[in-house]
Amino acid sequence: MSFVESEERSELRKVVSELGKKYGYEWFNRQARSGGHTTELWLEAGKLGFLGVNLPEQYGGGGGGMADLSIVLEELGAAGCPLLMMVVSPSICGTVISRFGTDEQKQHWLPGLADGTTVMAFAITEPDAGSNSHQITTTARRTDDGWSLTGRKVFISGLDVAKAVLVVGRTEDARTGNLKPALFIVPTDAPGVEFKQIEMDLISPDKQFALFLDDVQLPREALVGAEDAALMQLFAGLNPERIMASAFAIGIARHALGKATAYVKERQVWKTPIGAHQGLAHPLAQIKIELELARLMMQKAAALYDAGDDMGAGEAANMAKFAAAEVAVRATDQAVQSLGGNGMTMEYGVASLVAAARATRIAPVSREMILNFVAQHSLGLPKSY
């Protein structure tokens, strides 16, 4: 990979940044606090081709990859409009369907995912499974017409705006009787599908839900890909998830750092801008360094994934997500500290970023599980769980 961004990607950054600034953090925050959605920005981004930049051209996408899609989310986040569902809809769902779906599934779902008129959620987390996806109990059994799906999921983003949800369930192996992972596209209005909002202590336009699946009848074509390859298909979607989660966190960090930097340049005490004092300048400089390092790892992960190296991308994507979350937390906290009392006001809009940044340490994979991955796979240490 080149460390000099191509002219096309530099232009992509520019035009997406302009779109994000057209809406801005004040608009985004207003939508979040009023219980509204970011549909207006989402649809405009889709119409301009930004949401589907990673999807195949024949289905309305831009024919690019995760490197391009991560630029879109990063720049929107830096402008104050981090679109969480970009981590899910075009990234996880779009990638899995474009790589493993049937021609009919691609024709049906990808054009809408690309232009934003269709939003698809993703459901893997369960109340009693947590990070241990091997303990998922959502089960699909065969019927004469297809499948019956039963189970429960939690912390599922965007079900209120999604037309369908890509559900990670399990099917019974006909030969051994063992349960194995499988992925199903489930319309959110299908009989037996219910979801209830989880009240979160976050200021965000994106809502979280508990999903209940009670004997949901699905046609055969609801299954995505081959049953025997479902675990590989799942990981093919989780690497883009981590790359995009990194872009989400990096965008927040850039936005917070930008606000803090602008403030300390202008705010004067004893006739001197407070940014001249090392007590404020050095922490901001360190955040800038950590931000650039996180972005480099995210770009490496995206380059490896787009080159078809799923295993190499897995290590880099986990490291990128860890680094991006850490710098997002540091950047938002330092932004509040740099602004002093103003950092806690709605007018300046930095305190509301703290919880959003903190959440990136937990979701979509916790920092502890990433450390487990690096210890085991990168260092060859014994498995701890």
Side-chain angles (χ1 to χ4, degrees), residues 37-39 41-43 45-46 50-55 61 65-66 68-70 72-74 76-77 81-101 105 109-126 133 138 153-169 183-188 193 195 197-198 200 202 204-211 224 233-252 298 301-302 305 317 321 324-325 356 359-360 362-365:
H37 294 96
T38 53
T39 307
L41 172 56
W42 181 271
L43 290 175
F50 300 150
L51 296 183
V53 70
N54 64 311
L55 299 177
M66 292 309 304
D68 304 290
L69 192 64
S70 65
V72 175
L73 181 53
E74 180 191 339
L76 289 176
C81 302
L83 296 180
L84 177 62
M85 290 308 291
M86 281 193 66
V87 179
V88 179
S89 190
S91 175
I92 304 174
C93 302
T95 297
V96 168
I97 293 172
S98 63
R99 284 187 62 172
F100 302 106
Q105 288 171 336
W109 294 108
L110 292 183
L113 295 180
D115 67 15
T117 56
T118 295
V119 176
M120 187 177 290
F122 177 68
I124 181 172
T125 306
E126 293 188 0
S133 57
T138 297
K153 303 288 184 178
V154 289
F155 298 115
I156 310 305
S157 303
L159 284 174
D160 54 337
V161 296
K163 290 185 179 178
V165 53
L166 183 63
V167 175
V168 181
L183 295 121
F184 297 89
I185 299 175
V186 182
T188 51
V193 174
F195 48 90
Q197 185 176 337
I198 301 171
M200 306 291 290
L202 291 169
S204 172
D206 300 291
K207 312 299 189 296
Q208 301 297 313
F209 295 88
L211 173 64
V224 179
Q233 294 163 188
L234 176 59
F235 289 135
L238 294 184
N239 281 339
E241 177 190 54
R242 283 149 175 70
I243 293 168
M244 292 297 286
S246 303
F248 183 86
I250 287 170
I252 290 175
M298 178 185 72
Y305 186 83
K321 192 270 176 185
T360 65
I362 303 168
V365 58

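Values reported hereafter were calculated over all heavy atoms of this structure, with side chains retained and with hydrogens, waters and symmetry mates removed.
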key: Closest heavy-atom pair and its distance - Leu69, Phe50   = CD1-O, 3.8 Å
query = side-chain hydrogen bond (donor to acceptor under 3.5 Å, both in side chains) with Thr117: which residues, sequence neighbours excluded?
reply = Asp115
note = To the nearest 0.5 Å, atom CD1 of Ile124 lies from atom CD1 of Ile156 at 9.0 Å
request  = Give the minimum heavy-atom separation between Leu211 and Ala123, together with the two atoms involved.
outcome  = CD2-CB, 4.0 Å
key: Over all atoms of both residues, closest heavy-atom pair of Val365 and Lys321   = O-NZ, 2.6 Å
inquiry  = Tell me if a side-chain donor or acceptor on Ser89 pairs with a main-chain N or O of Met120 at a distance below 3.5 Å.
reply    = yes
ask   = Which atom names give the shortest non-hydrogen contact between Leu202 and Ala356, and what distance separates them?
value = CD2-N, 4.1 Å
With sequence neighbours excluded, residues passing ring-ring contact (aromatic ring centres under 6.0 Å, His included) with Phe209 = Phe195
ask   = How many angstroms lie between CE in Met86 and CD in Glu74, if you round to the nearest 0.5 Å?
value = 11.5 Å
Check: Val224 main-chain N/O paired with Gln233 side-chain donor or acceptor under 3.5 Å = yes
note = Sorted by chain and residue number, the side-chain hydrogen bond (donor to acceptor under 3.5 Å, both in side chains) partners of Thr138 (sequence neighbours excluded) come out as Glu126
inquiry  = Tell me the closest heavy-atom pair linking Ala121 and Leu159, and the distance in Å.
reply    = CB-CD2, 3.8 Å
query = Which residues pass the side-chain hydrogen bond (donor to acceptor under 3.5 Å, both in side chains) test with Ser157, sequence neighbours left out?
reply = Gln208
message = Distance check, rounded to the nearest 0.5 Å: Phe155 atom CZ versus Met200 atom CE?
response = 5.5 Å
ask   = When rounded to the nearest 0.5 angstrom, what is the spacing between CG in Leu183 and CZ in Phe122?
value = 6.5 Å
message = Using modelled atom types and a 3.5 Å cut-off, is there a donor and acceptor pairing between side-chain atoms of Lys153 and backbone atoms of Val168?
response = yes
ask   = For the side chain of Thr188 and the backbone of Lys163, is there at least one donor-acceptor N/O pair under 3.5 Å apart?
value = yes
key: Shortest non-hydrogen separation from Ser70 to Ile243 and the atoms involved   = CB-CG2, 4.2 Å
Partners meeting ring-ring contact (aromatic ring centres under 6.0 Å, His included) with Phe184 (sequence neighbours left out) = Trp147
query = Applying salt bridge (charged side-chain N to carboxylate O under 4.0 Å, His left out), which residue pairs with at least one partner in residues 238-248 are found, sequence neighbours left out?
reply = none
ask   = So how far is it from Leu166 CG to Thr95 OG1, rounded to the nearest 0.5 Å?
value = 11.0 Å
query = Is there side-chain contact between Asn54 and Pro90, with at least one heavy-atom pair below 4.5 Å?
reply = yes
query = Once you round to the nearest 0.5 Å, how far does CG of Asn239 lie from OG of Ser91?
reply = 10.0 Å
query = Heavy-atom distance under 4.5 Å between the side chains of Ile185 and Ile97, does that happen here?
reply = yes
